[in-house]
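What you see is a predicted model, and the numbers here were worked out from it, not measured in a lab. Only heavy atoms go into these numbers, but all of them, side chains included; no hydrogens, no water, no symmetry mates.
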Amino acid sequence: MEEKFMRRAIELARNGMDNNEGGPFGCVIVKDGEIIAEGNNRVTTWNDPTAHAEVVAIRNACEKLETFQLTGCEVYTSCEPCPMCLGAIYWARPSKVYYAATKDDAADAGFDDSFIYEELELPPDQKNIPFITLERDAAVEVFEKWKSKEDKVEY
């Protein structure tokens with residue numbers, strides 16, 4: 001069964017690329033042995049740098065399931081997730097992730113995310129894009145209110 005789902009993710013990658021919808025990436029999300037959501041890269045057609053295949057599929061799956069977590073779901077993606085997609089996957093909390101091509105394969109095709117991994121290790125003042133702390137006390141005050149909020153929905 002796993003191979004069938006992966007073949008579909010790869011087909012989505014190929015179709016999206018052939019139709020100039022974005023880069024060559026596809027993803028399906030499976031629950032109880034059935035595909036519940038699909039996605040392919042839409043970065044260039046949607047003018048959205050977050051519209052990677054995994055993010056599109058996660059959004060579609062969460063909408064369909066009417067939840068913000070994918071407990072009990074499996075993610076099949078045509079390529080090892082980039083740092084952004086990896087973060088989205090961890091927040092969605094699926095049970096398992098399968099991937100086909102590796103991040104090295106993606107880098108060889110011109111999709112090199114290594115600079116992001118390197119940036120993550122740098123202190124804020126050494127990053128290529130400056131990260132500057134402002135109004136921390138005011139923001140921490142909101143977190144303090146969150147801690148005592150009785151009707152919050154935790155995630």
*Take Asn41 and Glu21 through the test side chain to side chain contact (heavy atoms under 4.5 Å, CB included) and record every step on the way to the result.*
CA-CA 7 Å; Asn41 185 288; Glu21 295 173 339; over 6 Å; no
*Begin with the C-alpha distance, continue with both residues' side-chain angles, and end with the deciding distance and a verdict on side chain to side chain contact (heavy atoms under 4.5 Å, CB included) for Phe68 and Val153.*
CA-CA 11 Å; Phe68 54 85; Val153 177; 3.9 Å; yes
*Tyr76 and Tyr99: CA distance, side-chain angles, deciding distance, side chain to side chain contact (heavy atoms under 4.5 Å, CB included) verdict*: CA-CA 6 Å; Tyr76 292 80; Tyr99 64 91; over 6 Å; no
*By side-chain hydrogen bond (donor to acceptor under 3.5 Å, both in side chains), which residues pair with Asp108, not counting sequence neighbours?*
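Asp108: no side-chain hydrogen bond (donor to acceptor under 3.5 Å, both in side chains) contacts found.
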What distance separates [X] [atom1] from [Y] [atom2], expressed to the nearest 0.5 Å?
X	Y	atom1	atom2	result
Glu34	Phe5	CD	CZ	7.5 Å
Glu135	Glu141	CD	CD	11.0 Å
Glu154	Lys152	CD	NZ	5.0 Å
Thr67	Arg93	OG1	CZ	10.5 Å
Ile10	Asn15	CD1	CG	12.0 Å
Ser78	Asn40	OG	CG	9.5 Å

*May I ask you to decide whether Glu119 forms a salt bridge with Lys127, counting only side-chain N to carboxylate O separations under 4.0 Å?*
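Lys127 and Glu119: not salt-bridged.
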Would you kindly confirm whether [X] and [Y] end up in one hydrophobic cluster when ILVMFWY residues are joined by side chain heavy atoms under 4.5 Å apart?
X	Y	result
Val140	Val142	no
Met1	Met6	yes
Tyr98	Val28	yes
Leu122	Phe115	no

Quick one, [X] and [Y] - any side-chain contact, counting heavy atoms below 4.5 Å?
X	Y	value
Leu65	Leu70	yes
Met84	Val55	yes
Cys82	His52	yes
Asp105	Phe111	no
Val75	Cys27	yes
Thr50	Arg59	yes
Val43	Asp48	no
Lys145	Lys147	no

*Please answer whether the main-chain N or O of Ser114 pairs with a side-chain N or O of Asp112 as donor and acceptor at a distance below 3.5 Å.*
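Yes, the answer is positive, given that a donor and an acceptor are paired below the 3.5 Å cut-off.
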_Heavy-atom donor-acceptor pair, Glu80 side chain to Thr102 backbone, under 3.5 Å_ =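 No; zero donor-acceptor contacts below 3.5 Å.
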*For Tyr117, look at atom OH and say whether over 12 heavy atoms of other residues, nucleotides or ligands are found less than 6.0 Å away.*
yes
*Run through Ile35, Ile36, Asn60 and flag the one making a side chain to side chain contact (heavy atoms under 4.5 Å, CB included) with Ile29.*
Ile36
Which pair of heavy atoms, one from [X] and one from [Y], lies closest together, and at what distance?
X	Y	answer
Gln69	Cys62	N-SG, 4.4 Å
Ala51	Trp46	CB-CE3, 3.6 Å
Gly26	Ala13	N-CB, 3.4 Å
Ile89	Pro94	O-CD, 3.0 Å
Asn20	Thr45	O-CG2, 3.4 Å

_Check against salt bridge (charged side-chain N to carboxylate O under 4.0 Å, His left out), Arg14 and Glu11_ = CA-CA 5 Å; Arg14 182 179 294 110; Glu11 179 182 17; over 6 Å; no
*Under the salt bridge (charged side-chain N to carboxylate O under 4.0 Å, His left out) test, residues paired with Glu74 that sit two or more places apart*: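 Salt bridge (charged side-chain N to carboxylate O under 4.0 Å, His left out) list for Glu74, sorted by chain: empty.
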